Amino acid sequence: MKPATPPQETPRTYRVKSFGCQMNVYDGERMAELLATRGIAPAPEGEEADLVVLNTCHIREKAAEKVYSDIGRMVKAGAAAGRTPMIAVAGCVAQAEGEEIMARAPAVSMVVGPQAYHRLPEMLDRAVAGERSSDTDMPAIAKFAALPARKRIGPTAFLTVQEGCDKFCTYCVVPYTRGAEISRPYSDLTGEAVKLVEAGARELTLLGQNVNAWRGEDEAGRVIGLAGLIRALARVDGLERIRYTTSHPADMDDELIAAHGEVAKLMPYLHLPVQSGSDRVLKAMNRSHTVESYLKLLERFRAARPDIALSGDFIVGFPGESEAEFEATLSLVDEVRYAQAFSFKYSARPGTPAAAMDGQVPREVMEDRLKRLQQRLGRDQLAFNQASVGTTCEVLVERRGKHPGQWLGKSPWLQSVWFEADAKIGDLVSVELVQAGPVSLEGKVLELALT
Ligand code: 5AD
Ligand code: SF4
């Protein structure tokens, strides 16, 4: 590609702005580590960075428009200050609209897709020489081998075990932006888990767009699924907690359900998106499960682990969704009583089958439905938290609270709990839950355990 910008100085500071899902948060952290290997430091709070990485999300809303307006704002502010940052666009908008970004936004030096960001350092060299570059290749496995090891991390860390999606839900861009489902090899993951624990992690969240589709071969050459991987990770000394997200109902197997009853380190929490409580809508979404098969799955999880906290994703206003079909979603919520949930207005994604379907639902109708759904989900989240009051549990301390002596962490059920104690980040503290709000609980310390 031809030089399009004058040579720039090597940036001294960076800022990675990540939008969207936990996978993007993970990718953003890894990009930051890559830049650090080049001696580039995070920009201090409140200061402009020399290099800005927009790590974008394409799943909802007008993601691409937002990218262009962010770039426009930086260019304008840069012109006023006499210094425009070097700009990289990463993430799923980069993957979906890379060429267009290169054409429409000359201020962008680098466009890099989610499977290619290990090449960021080379692209940076080119950018410094004044050459713009774009890399949206998808050789998924290559990226992980090329990423630097994480040296010092907090008590909770993400470990990407699987990427991509073959499900093609009709509303979703992920199969196009993240590519086909691939699993990282077992030995890479067990090796990385040990290193993460050595670097300070006590809890690992196994990440994947369809995490329970993970498959691998263990040391004995046996084909295993996510449950087998979880059991192997549970043997890592110093690792206290294991979580995983996000699962698809179609990939659930008996072993994973059983693991919830048998592996003490596997936390009692399941995020299992359902999207809708109407079988007609589920079919139009190409979800490959029905309301009944979904509820049966949840029953089996509850049988294996009666205290399991359930979480889900919902979309309101999918094309053609009638009032009665939306009310079926409300009934499903009433039946399941989720501990936590994520709910969204349907957003037409260019190139997906649903975007071309008849019966697009007006915005006001979607907004009304979302409000009604969130009101019920909020009611259930509060009820779940209130039902925990009076019980004791361990909280993994993640950070300081607002006031001196206050600490914040997560219960096994992923509730945010704050308490006062002489503790430190990374402690597992036994607390009695004494008060519940909609989004957090207060704990009272019983003892310092397993520090
Ligand atoms: N519109 C609204 N919500 C969406 N999701 C995915 N695609 C769309 C879309 N086009 C939601 C689904 C998914 C979550 C990650 O985002 O609920 O589970
Ligand atoms: Fe998107 Fe469906 Fe794949 Fe989830 S399972 S990433 S919603 S296509």
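Because the structure is a prediction, the values reported are computed rather than measured. As the structure lists them, so they are numbered: ligands from 1, and atoms in each ligand from 1. Numbering starts at 1 and runs along the sequence shown.
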Atom 4 (C) of ligand 1: the protein heavy-atom neighbour that sits closest, reported with distance to 0.1 Å: Ile315 CD1, 3.6 Å
Ring centre gap for Phe168 and Tyr176 strictly below 6.0 Å: yes
Ion pair Arg231/Glu262, N-O distance below 4.0 Å: yes
Heavy atom of the protein closest to atom 12 (C) of ligand 1 (residue, atom name, distance): Gln275 OE1, 3.4 Å
More than 12 heavy atoms of other groups within 6.0 Å of Arg400 CZ: no
Residues Arg202, Asp427; criterion salt bridge (charged side-chain N to carboxylate O under 4.0 Å, His left out); working and verdict: CA-CA 9 Å; Arg202 303 195 80 186; Asp427 283 348; 5.3 Å; no
Atom 5 (S) of ligand 2 - nearest protein heavy atom and its distance: His248 CD2, 3.5 Å
Residues Arg372 and Asp368 bridged, charged N to O under 4.0 Å: yes
Closest candidate by heavy atom, reference atom 7 (S) of ligand 2, pool Tyr176, Tyr171, Phe168: Tyr171
Proximity to ligand 2 by part of Pro175, non-hydrogen separation under 4.0 Å: side chain
N or O contact, Arg349 vs ligand 1, cut-off under 3.5 Å: no
Closest approach of any protein heavy atom to atom 1 (N) of ligand 1, naming residue and atom: Ser347 N, 3.0 Å
Parallel, tilted or perpendicular: rings of His271 and Phe342 (30°, 60°): perpendicular
Between Tyr338 and Phe314, ring centroids under 6.0 Å: yes
Heavy-atom nearest option to atom 2 (C) of ligand 1, drawn from Gln22, Gln209, Lys345: Lys345
Nearest neighbour in protein (non-hydrogen) for atom 3 (Fe) of ligand 2: Cys165 SG, 2.2 Å
Side chain to side chain donor-acceptor pair (under 3.5 Å) partner of Ser18, chosen from Asp27, Asn24, Asn55: Asn55
Residue and atom name of the nearest protein heavy atom (relative to atom 18 (O) of ligand 1), distance in Å to one decimal: Asp313 OD2, 2.6 Å
Nearest neighbour in protein (non-hydrogen) for atom 1 (Fe) of ligand 2: Cys172 SG, 2.3 Å
Glu48 atom CD, over 12 foreign heavy atoms within 6.0 Å: no
Cys169 N/O/S atom closer than 2.8 Å to atom 3 (Fe) of ligand 2: no
Nearest-neighbour protein heavy atom for atom 7 (N) of ligand 1, which is reported as residue plus atom name and distance: Tyr171 CD1, 3.3 Å
Contact check: Tyr346 vs ligand 1, nitrogen or oxygen atoms, below 3.5 angstrom: no
Nearest-neighbour protein heavy atom for atom 16 (O) of ligand 1, which is reported as residue plus atom name and distance: Arg60 NH1, 2.7 Å
Closest approach of any protein heavy atom to atom 6 (C) of ligand 1, naming residue and atom: Ile59 CG1, 3.4 Å
